[in-house]
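The structure displayed is predicted, hence computed values, not measured ones. Sequence lines set the chain letters: A, B, ... in the order given, protein chains first and strands last, and positions in each chain run from 1.
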Amino acid sequence: MEQIIDIVLLAFMVVTAIAMIRLRNLFAVVMLSGIFSLLSAAMFVVLDAVDVAFTEAAVGAGISTVLMLGTLALTFRDERPATRADWPAMLVVTVTGAALIYGTLDMPRFGDPDAPIHQHVAPRYIVDSPREVGPPNMVTSVLASYRGYDTLGETTVIFTAGIGVMVLLGSVTRRRRRARPTTPATPAAPAPPEGRP
Amino acid sequence: MLETVLGLYNYWIVIILMMAGFYTVIARGNLAKKVIGLNIFQTSMFLMYITMGAVESGTAPIVAEGATLYTNPLPSVLILTAIVVGVATTALGLALAVRIREAYGTLEEDDLRVLEDRQDTLRDTAATQDGEQPVSP
């Protein structure tokens with residue numbers, strides 16, 4: 001039963017991704033990316049990674065969608081139809097994909113309990129973490145204790161990204177406010193050659 | 001044969017999704033669409049890690065009565081970090097897109113290239129009028 005749900009959900013994800021590539025209306029694409037994130041969250045539940053599932057549902061489907069909608073509000077709703085041939089990209093993608101699929105033939109089969117990934121540190125986390133750290137949830141123990149420095153690094157990355165976004169967008173709003181009484185566009189930015197909506 | 005296909009199905013779908021994201025990044029000219037493609041690529045990577053961590057008939061890695069086989073908690077932890085970092089990079093990429101639209105009035109790569117070329121030519125002609133040699137590109 002689990003296997004069937006797994007197959008169907010992954011097939012849905014592929015369909016959603018292809019629809020996202022083909023659609024030119026960016027609003028629809030953003031909505032589909034929310035659906036894509038929710039499908040992946042459902043997939044994580046099927047694969048027993050519940051912590052990842054609710055983070056993906058909250059952050060991937062929630063915050064990412066809001067960020068993208070905000071960007072659309074500040075930029076354009078539509079993407080211009082392609083002007084150049086896309087067969088070189090198709091070729092690159094097909095060759096890379098084929099090489100990667102060839103690489104998977106040596107991977108341990110799905111759900112194999114003897115796979116190398118389960119042999120090294122994972123048993124220690126599973127057996128000892130409830131006693132050594134305390135919380136019954138092993139993911140929490142590893143995140144906050146065994147690999148706490150990773151989480152610290154993650155926080156640093158978010159902090160840096162936050163500063164970057166503030167620096168980039170702060171100047172945008174300031175220039176807008178300053179430019180409003182006089183000419184709207186900055187002198188270095190002439191209008192694009194083809195008029196866009 | 002069927003066992004191989006079922007055992008590797010998840011990885012193959014991950015690769016198809018990864019290539020879908022890759023294609024969006026290299027073949028589409030719109031910068032916002034490129035960021036979305038990057039997001040697809042990211043999610044496929046998350047799926048790959050979680051697939052590797054899954055154990056047949058295992059349960060979620062939370063201590064419970066009667067549970068003996070747990071899935072691997074380590075990929076979950078790594079991917080939790082990756083999801084949050086992914087959103088941070090998405091936000092930065094989208095902010096850059098907004099900033100580029102503000103400066104150039106477009107998000108299409110082709111237009112941006114034309115505008116850049118035109119600015120370079122303008123700078124060169126201005127330099128020649130001042131009696132200097134134009135800087136060769």
Undergrad: Would you confirm whether K33(B), through its side chain, and V29(A), through its main-chain N or O, come within 3.5 Å as a donor-acceptor pair?
TA: no
Undergrad: Could you go through the side-chain contact (heavy atoms from CB on, under 4.5 Å) check for M68(A) and N39(B) one step at a time?
TA: CA-CA 11 Å; M68(A) 286 174 193; N39(B) 258 335; 2.7 Å; yes
Undergrad: Just give me the residue among V52(A), V45(A), V157(A) that pairs up with chain B most often, heavy atom to heavy atom, under 4.5 Å.
TA: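 Option with the top pair count is V52(A).
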Undergrad: Examine distances only and state if a side-chain atom of E154(A) and a backbone atom of A82(B) form a donor-acceptor pair shorter than 3.5 Å.
TA: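 Not confirmed, E154(A) side chain does not pair with A82(B) backbone.
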Undergrad: Please classify the contact of A27(B) with chain A as side chain, backbone, both or neither, using a heavy-atom distance under 4.5 Å.
TA: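 A27(B) touches chain A through backbone and side-chain heavy atoms alike.
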Undergrad: Against chain B, label P113(A) side chain, backbone, both or neither, depending on which of its atoms sit under 4.5 Å from a heavy atom there.
TA: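 Its backbone and side chain both get close to chain B.
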Undergrad: I'd like to know if D110(B) and R80(A) make a salt bridge, using a cut-off of under 4.0 Å between side-chain N and carboxylate O.
TA: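 No salt bridge links D110(B) with R80(A).
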Undergrad: Please classify the contact of L122(B) with chain A as side chain, backbone, both or neither, using a heavy-atom distance under 4.5 Å.
TA: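 No part of L122(B) comes within 4.5 Å of chain A.
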Undergrad: Quick one: do the Y23(B) and D86(A) side chains pair a donor with an acceptor below 3.5 Å?
TA: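 Present: a donor and an acceptor within the cut-off.
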Undergrad: Can you tell me how far the OG1 atom of T106(B) sits from the CZ atom of F76(A), to the nearest 0.5 Å?
TA: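 T106(B) atom OG1 to F76(A) atom CZ measures 5.5 Å (nearest 0.5 Å).
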Undergrad: Select one option (side chain, backbone, both, neither) describing which atoms of L32(A) are under 4.5 Å from chain B's heavy atoms.
TA: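 Contact with chain B is absent: no heavy atom of L32(A) under 4.5 Å.
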Undergrad: Taking every non-hydrogen pair under 4.5 Å, which of I101(A), T155(A), L72(A) racks up the most with chain B?
TA: I101(A)
Undergrad: Go through the atoms of T4(B) and report whether side chain, backbone, both or neither lie under 4.5 Å from a heavy atom of chain A.
TA: both
Undergrad: Please look at A11(A) and chain B and tell me whether the side chain, the backbone, both or neither of the residue comes under 4.5 angstrom of a heavy atom of that chain.
TA: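 When you check distances to chain B, atoms from both the backbone and side chain of A11(A) fall under 4.5 Å.
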Undergrad: Are the side chain of R101(B) and the backbone of L74(A) linked by a donor-acceptor contact shorter than 3.5 Å?
TA: yes
Undergrad: Pick one of side chain, backbone, both or neither for A115(A), based on which atoms fall under 4.5 Å of a heavy atom in chain B.
TA: neither
Undergrad: So among T51(B), I50(B), N10(B), which one has a side chain to side chain contact (heavy atoms under 4.5 Å, CB included) with M43(A)?
TA: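 The single option meeting the side chain to side chain contact (heavy atoms under 4.5 Å, CB included) with M43(A) is N10(B).
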Undergrad: Can you tell me which portion of V46(A) sits under 4.5 Å from chain B's heavy atoms? Options are side chain, backbone, both or neither.
TA: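 Neither part, no heavy atoms under 4.5 Å.
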Undergrad: Nearest 0.5 Å, what's the CD1-CD1 distance between I18(A) and I16(B)?
TA: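 Rounded to the nearest 0.5 Å, the CD1-CD1 separation comes to 7.5 Å.
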Undergrad: List for me each residue that meets ring-ring contact (aromatic ring centres under 6.0 Å, His included) alongside F36(A), sequence neighbours excluded, and say none if there are none.
TA: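 Per chain and number, F36(A) pairs via ring-ring contact (aromatic ring centres under 6.0 Å, His included) with no residue.
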Undergrad: Using heavy-atom distances under 4.5 Å, tell me whether L10(A) contacts chain B through its side chain, its backbone, both, or neither.
TA: both
Undergrad: Go through the atoms of T71(B) and report whether side chain, backbone, both or neither lie under 4.5 Å from a heavy atom of chain A.
TA: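 Contact with chain A involves both backbone and side-chain atoms of T71(B).
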Undergrad: Can you say whether V139(A) sits under 4.5 Å from chain B via the side chain, the backbone, both, or neither, judging by heavy atoms?
TA: both
Undergrad: Is the backbone of I21(A) close enough, under 3.5 Å, to the side chain of R28(B) for a donor and an acceptor to pair up by distance?
TA: yes
Undergrad: Rounded to the nearest 0.5 Å, how far apart are CG of N72(B) and NE2 of H120(A)?
TA: 11.0 Å
Undergrad: Please classify the contact of L69(B) with chain A as side chain, backbone, both or neither, using a heavy-atom distance under 4.5 Å.
TA: neither
Undergrad: Once rounded to the nearest 0.5 Å, what's the spacing between atom CD of E56(B) and atom CG of D114(A)?
TA: 12.0 Å
Undergrad: With a 4.5 angstrom heavy-atom cut-off, could you sort out which part of L67(A) is near chain B: side chain, backbone, both or neither?
TA: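 Both parts, heavy atoms under 4.5 Å.
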Undergrad: Let me know if T71(A) has heavy atoms under 4.5 Å from chain B in its side chain, its backbone, both or neither.
TA: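 Looking at T71(A), backbone and side chain both touch chain B.
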Undergrad: For M13(A), is it the side chain, the backbone, both, or neither that has a heavy atom closer than 4.5 Å to a heavy atom of chain B?
TA: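 Both backbone and side chain.
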Undergrad: Taking every heavy-atom pair that is under 4.5 Å apart, which of D51(A), D6(A), L26(A), V142(A) has the most such pairs with chain B?
TA: D6(A)
Undergrad: Which atoms of I40(B) come close to chain A, meaning under 4.5 Å heavy atom to heavy atom: side chain ones, backbone ones, both, or neither?
TA: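 Both parts, backbone and side chain.
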Undergrad: With a 4.5 angstrom heavy-atom cut-off, is it the side chain or the backbone of E56(A) that approaches chain B, or both, or neither?
TA: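 For E56(A), backbone and side chain are both near chain B.
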Undergrad: Atom CG in L94(B), atom CG in L69(A): separation rounded to 0.5 Å?
TA: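 Atom-to-atom, L94(B):CG and L69(A):CG are 10.5 Å apart.
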Undergrad: Test of understanding: with ring-ring contact (aromatic ring centres under 6.0 Å, His included), list the residues that count as partners of Y146(A), not counting sequence neighbours.
TA: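 Only Y125(A) meet the ring-ring contact (aromatic ring centres under 6.0 Å, His included) criterion with Y146(A).
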Undergrad: Based on non-hydrogen pairs under 4.5 Å, which of P136(A), S141(A), G153(A), A89(A) is most in contact with chain B?
TA: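 Maximum pair count with chain B is reached by P136(A).
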Undergrad: So how far is it from L92(B) CG to T160(A) OG1, rounded to the nearest 0.5 Å?
TA: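 Between atom CG of L92(B) and atom OG1 of T160(A) there are 9.5 Å.
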Undergrad: Would you say that L8(B) contacts L105(A) through its side chain, given a criterion of any heavy-atom pair below 4.5 Å between the two side chains?
TA: yes
Undergrad: Who wins among I63(A), V50(A), T96(A), T16(A) for the most heavy-atom pairs under 4.5 Å with chain B?
TA: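 Answer, by heavy-atom pair count under 4.5 Å with chain B: T96(A).
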